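Since the structure comes first, as structure tokens, the remarks are kept for the end.
No experiment lies behind these values; they were computed from the predicted model shown.
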Amino acid sequence: MSTGFKKKCKTRKSVTPGVDSKEITSNFLQHFTGIKDPRAERTRLHLLTDIITISLLAVIAGAEGWEDIEEYGLSKKEWLETFLELPEGIPSPDTFRRVFERINPKEFEQCFRNWVQSLVEKLGVEVVAIDGKTHRGSYDRESKLKALHTVSAWACENRLILGQTKVSCKSNEITAIPALLETLNLSGCIITIDAMGTQKSIAEQIIAGNADYILSLKDNHPTLHQQVKNWFEMAQSLNFKDVDVSISQRVEKGHHRIENRTVYTVPVSQLPALHEQNQWAGLTTVVMVVRKIQHWNKTTHEVQFYITSLDSDANKIGSAIRQHWGIENSVHWTLDVTFHEDESRIRSMHSPQNFALLRRIALNALDRDFIFNDTNGFPCSPLVCTKCTNSVFGLP
């Protein structure tokens, strides 16, 4: 059983919030009142908003299961009563479980997107990374239930998860990505997707939504990949003579390694006709990224190719590609290491998907919503200590 919520809130390095903390979260609950209560009316001893609020607070504070949530509620009951109704006290673990098993995940996700959209309108979003994640502990061998797999959209610069959708057990990310894009307003954004999402229909959908794309090009499109690879190898051997190429080079040190990264971008007009080129909506530029990574005991070389609807600008495109990895490092890694998502054995009915969304709401709050402690000048994470949580719900 997790005991994270018993620990005191730690101070953090000073961070200046992008927008006012109360402005970000004051109307959080109003976006979640639209969820239909799945319980029969005669069994509604506890308010649905109370159940969702306690669960969210507990997850942010370290809860990993239904017993953890109850323990959090009991330990914070006196304070929770100052802004929740709690007509029958703190719900039992079975009550939390039954409610989240039955809440319609599509309604829950829509409420989440509505809340995030209210933040995006104030913050502005430029680069959005889309990637999938498997919740490894959610499988059920006896019921022949596969592990939950979700696709999420991540606003890289703003550190916000914009939305999530479940991948059907009989499908893959190729069908889930378009479904996720349909739910989001990403007009004017740069959308980055790994090789699984490099599909003509997805590129067309992004362009139709008035956005731009950067798609990773690998062996799932063997002919196009080989054409681009061969052309860059030949052009590089000639030092890009008579080629309109944009080059950006950057050296980064960290994690006991030195990475030398060079980005080359070339308009497709500079290349011979590519395989099915006209079927890629908005295709404007091809990209090669060369990484030389120097470890203490070895040096590795990596070459990656991309296609994009952006004009040839190595600095801009290279920055967006670099930001894409934030969804792995800042989202998936954090969910597994901090929230222990891969270890979670919550697996009945809709509860894996709904609990996964709770974690993402928690991550958004912790990543974006900082307020400054009046006594020491350092920000602390909202919803962990009482003072910070008051900000989230607009309490004095």
Side-chain angles (χ1 to χ4, degrees), residues 1-10 21-39 41 43-103 108 111-112 115 338-340 344 346 351 354-371 373-375 379-396:
M1 183 180 294
S2 172
T3 58
F5 47 76
K6 294 181 180 178
K7 298 179 181 179
K8 293 183 178 179
C9 180
K10 296 182 179 180
S21 205
K22 290 185 179 180
E23 191 177 342
I24 286 185
T25 54
S26 60
N27 58 359
F28 170 83
L29 277 181
Q30 79 177 49
H31 291 291
F32 287 82
T33 56
I35 300 174
K36 183 179 179 181
D37 197 324
R39 300 169 293 173
E41 191 169 349
T43 65
R44 297 177 187 177
L45 300 179
H46 305 278
L47 299 179
L48 182 61
T49 51
D50 286 356
I51 292 172
I52 293 175
T53 301
I54 295 170
S55 300
L56 174 58
L57 294 171
V59 169
I60 292 178
E64 298 173 18
W66 315 120
E67 291 81 7
D68 289 358
I69 295 174
E70 182 205 31
E71 185 175 341
Y72 174 88
L74 293 173
S75 67
K76 298 287 188 180
K77 182 179 178 182
E78 182 178 351
W79 168 68
L80 291 171
E81 287 175 335
T82 63
F83 61 97
L84 298 180
E85 295 189 32
L86 301 179
E88 297 293 331
I90 301 300
S92 68
D94 284 340
T95 298
F96 286 111
R97 174 182 57 79
R98 285 193 294 266
V99 169
F100 280 99
E101 282 178 341
R102 291 168 173 80
I103 286 178
F108 199 17
C111 292
F112 170 72
W115 172 59
T338 302
F339 291 93
H340 301 148
S344 175
I346 294 174
S351 57
N354 288 329
F355 207 94
L357 192 60
L358 276 178
R359 296 189 193 98
R360 282 149 181 78
I361 296 171
L363 185 58
N364 272 1
L366 291 171
D367 270 341
R368 285 297 315 164
D369 190 25
F370 296 107
I371 67 172
N373 186 297
D374 292 337
T375 57
C380 52
S381 299
L383 307 181
V384 178
C385 70
T386 302
K387 183 174 181 179
C388 294
T389 311
N390 290 345
S391 167
V392 172
F393 296 101
L395 301 173

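- In terms of heavy-atom proximity, W115 sits nearest to F32 at CB-CE1, 4.0 Å.
- The CD atom of E88 lies 10.5 Å from the CG atom of L86; values are rounded to the nearest 0.5 Å.
- Between I54 and G73, the shortest heavy-atom contact is CG2-CA, 4.2 Å.
- Scanning both residues, F355 and A63, for their nearest heavy atoms gives CZ-O, 4.3 Å.
- Taken to the nearest 0.5 Å, the CG atom of L80 stands 8.0 Å off from the OG atom of S75.
- Checking side-chain atoms of N354 against main-chain N and O of F108 turns up no donor-acceptor pair under 3.5 Å.
- The only member of I60, L366, L56 that meets side-chain contact (heavy atoms from CB on, under 4.5 Å) when paired with I361 is L56.
- Defined by atom type and a distance below 3.5 Å, a donor-acceptor pair is missing between the side-chain atoms of R98 and T43.
- In this structure, CD1 in I346 is found 11.0 Å from CZ in R97, a value given to the nearest 0.5 Å.
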H46/T95 under side-chain contact (heavy atoms from CB on, under 4.5 Å): CA gap, chis, key distance, verdict: CA-CA 9 Å; H46 305 278; T95 298; 4.1 Å; yes
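- Scanning both residues, I51 and R39, for their nearest heavy atoms gives CD1-NH1, 3.7 Å.
- A pairwise comparison of heavy atoms in P93 and W66 identifies O-CB, 3.5 Å as the closest pair.
- Taking CG of L84 as the start and CH2 of W79 as the end, the distance is 8.0 Å to the nearest 0.5 Å.
- Between the CD1 atom in I35 and the CD1 atom in I52 there is a gap of 3.5 Å [rounded to 0.5 Å].
- When all heavy atoms of F96 and P91 are compared, the pair lying nearest together is CE1-O, 3.4 Å.
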Verdict with supporting geometry, L363 and R359, side-chain contact (heavy atoms from CB on, under 4.5 Å): CA-CA 6 Å; L363 185 58; R359 296 189 193 98; over 6 Å; no
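- The closest donor-acceptor contact from the side chain of T53 to the backbone of D50 lies at 3.5 Å or more, if one exists at all.
- Between the NZ atom of K77 and the OG1 atom of T82 there is a distance of 13.0 Å, given to the nearest 0.5 Å.
- Counting heavy atoms from C-beta outward, E70 and L74 have side chains that approach closer than 4.5 Å.
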